[in-house]
Each structure stands twice: as C-alpha cells, then as structure tokens.
Amino acid sequence: MDEKLKSLQADFIKKKQISEASRKRRKINWFLLSPLLFAPALPLIRISLRKHPKVRDAAFKTTLAAAFLHGTALLMGFYNNEPNAIEED
C-alpha cells in the first residue's frame, strides 16, 4: 500500500511539473488570428473596386486563394512551434 501511494505521489508530481513547464512556454499564436484580417478584406475589396470589375475579381480571387492556402498551412501544422512530444525524465 505504501509503495502504491508513493508511486501515485511521484506520478502526480511529474504531471504537475510537466503542466507548469507547458504553462511557461505558452504564447499567443498570432497566425490563428489571421481570419480576423481576411474577413473584412473580402467585402472591402468588393465595395472599393465596384467600378473596376476585372481588378475587383482578380483581387478577390487572390485574397481568397491566400486565405485558403494560409488555412491549409495552419491545419497541416506548418506554423506549429510546439514540440510533438513532451520529454519525460
């Protein structure tokens, strides 16, 4: 019983140390906030270039393609700075 309690305490301490280390490394991932930039850009392109339909369509498609490429890169973990596994001692 005493050995089981000691192993549980050791596991708890190890998990606590890992969680404290992960909290220290935590930072804001600014790339995940990029939809806040793309969302207002698309209607603004449509409104501001209303009199130039060829330029408007090209700008709209280019911005949309950039947003999709950026989203795909985010989903694939291209911008991920975190390590894949936490090193355990």
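Residue numbers start at 1 and run along the sequence shown. The structure displayed is predicted, hence computed values, not measured ones.
Contact between F60 and I45 at its shortest, heavy atoms only, is N-CG2, 3.9 Å. A pairwise comparison of heavy atoms in R46 and R56 identifies NH1-NE, 3.4 Å as the closest pair.
Both L64 and V55 are assigned to one and the same hydrophobic cluster, defined by single-linkage of ILVMFWY side chains at heavy-atom distances under 4.5 Å. Hydrophobic clustering of Ile, Leu, Val, Met, Phe, Trp and Tyr side chains at less than 4.5 Å, counting indirect connections, unites F68 with L42.
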